[in-house]
Amino acid sequence: MNMQEYIDEAEQSLLHTYNRYQIVIEKGKGVYLYDTDGIKYLDFVSGIAVFALGYGNKEYNDALKAQIDKVIHTSNYYYNMPAIRAAKKLKEVSGMDRVFFTNSGAEAVEGAIKAARKYAYLKDGTTDHEIIAMEHSFHGRTFGALSVTGTPKYREPFEPMIGNIRFARMNDLASVEELINDRTCAIILETVQGEGGLVPATEEFLKGVKALCEERDILLILDEIQCGMGRTGHMFAWQRYSVKPDIMTTAKALGCGVPVGAFLMTEKVAANSMAAGDHGTTYGGNPLACAAVEKVLDLFEENHIIENVREVAPYLEQRLEELKEKYDCITERRGTGLMQGLVFDCPVRDVIERALENGLLLINAGADILRFVPPLIISKENVDEMIEILESCIEPSEED
Ligand SMILES: *Cc1c(COP(=O)(O)O)cnc(C)c1O
């Protein structure tokens, strides 16, 4: 079949919840993906901040193959070695105390919300506690995660959401303070907002929120699903300012492609929230998923992934700033590390389409923001290659 035939067939059977770009991806190598016609694309999307290690990493692939030959799945009623090792390593890099593995980011957020509610319930014996979330946040598509997602259009057709969620403004401490009351059990935010437009929480805001939480015994939940796992030049973005959350979520790059997420908590929260029978998952933390997590964490260290981010990210930032200066249609550069955005004064779908035609994969964050979340192994040469293609895609709009 040629590519168009694959696409036609897909549209006969897959639920149309995405306006997909018109390529069928077949394989990947390093920072490049190939479609079924053999056309090569420089990938600045990495499956939306997932494939940190690059495609076709031999050690990663071998580790998964070896685990497949041992056992892919067992019940969480038994222990398995990859989960034990992965949890220990995740604790080491995060400084958190307890890990619960999930199958996705949204499920990690669900677990975090449940833990926070249970903690408050055990404290005062009542329910109906409130959670403060941020406007323009994104936490996933399941009901709990959607309820704390600060984009009304994602929520409205599916209401009612879970109750008692209040929305404050990111980087506006007073707006958080205003919403706190005796019922508040948790504040949830992304350390760097992804979907909402590549907005890092400022040091002042993060520290202010943390102080409010400590004062009132409110749990701070940091969603590190997109900004975590090295992307900002720190294993987790909160480590930059040493603002440790009570509960943290991770997913996306955690398994580098094998679907896995986790929520982690401090011992204090663990000892006073979730007990046996409170939460579960059939697949979460299965041996195959955890073999991936374990290997990813090993390779981050062995391949100096975070060091590479720290070396390449300033260069990417500089090149994007140059574009902003050069083109009137670009109004702002945002983000941190290898999680960057260019704000346009118009929708970016056309730029993305043209980039695709020229062998570059990019993705938006909201209609007007071009998002750059490449594999964490990219080089400065890859940045130059990306900028060259991108420039050729911006120019046409300049002329009309
Ligand atoms: C992607 C994302 C999620 C949801 O993760 P899924 O694996 O798609 O469920 C939650 N929070 C943030 C910050 C994300 O970027």
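Just so you know, these numbers come straight off a predicted model, no measurement behind them. Residues take their numbers from the sequence shown, with the count starting at 1. Start at 1 and go down the list; that is how both ligands and their atoms are numbered.
- Per-residue contacts place Glu190 under 4.0 angstrom from the following atoms of ligand 1 (heavy atoms of the residue considered): 13 (C).
- Between Glu107, Gln193, His139, Glu224, it is His139 that holds the heavy atom closest to atom 10 (C) of ligand 1.
- Residue Gln226 places at least one N or O, backbone or side chain, under 3.5 Å from an N or O of ligand 1.
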Start with the C-alpha gap between Gln340 and Arg333, add the side-chain angles, then the distance that decides, and say whether side chain to side chain donor-acceptor pair (under 3.5 Å) holds. CA-CA 7 Å; Gln340 297 281 339; Arg333 182 204 59 80; 2.7 Å; yes

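- Inter-residue side-chain proximity for Met274 and Tyr119 is flagged as unmet; no heavy-atom pair is nearer than 4.5 Å.
- Of all atoms in ligand 1, numbered sequentially from 1 with element shown, those under 4.0 Å from a heavy atom of Phe138 are 2 (C), 3 (C), 11 (N), 12 (C), 13 (C), 14 (C).
- Summary of contacts: the protein heavy atom closest to atom 1 (C) of ligand 1 is Lys252 NZ, 1.5 Å.
- The shortest side-chain heavy-atom distance between Met96 and Lys244 falls under the 4.5 Å cut-off.
- Of the protein's non-hydrogen atoms, Ala106 N, 2.7 Å is the one closest to atom 9 (O) of ligand 1.
- A 6.0 Å sphere centred on CD of Glu204 holds no more than 12 heavy atoms belonging to other residues, nucleotides or ligands.
- Using modelled atom types, one side-chain atom of Asp246 and one backbone atom of Leu220 make a donor-acceptor pair closer than 3.5 Å.
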From CA spacing to verdict: side chain to side chain donor-acceptor pair (under 3.5 Å), Asn286, Thr74: CA-CA 6 Å; Asn286 88 8; Thr74 69; over 6 Å; no

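- At least one side-chain heavy atom of Asn19 sits less than 4.5 Å from a side-chain heavy atom of Arg349.
- Within the listing of ligand 1, atoms 7 (O), 9 (O) sit less than 4.0 angstrom from a heavy atom of Ser104.
- Among protein heavy atoms, the minimum distance from atom 6 (P) of ligand 1 is reached at Gly105 N, 3.5 Å.
- For atom 11 (N) of ligand 1, the nearest protein heavy atom (residue, atom name, distance) is Asp223 OD2, 2.7 Å.
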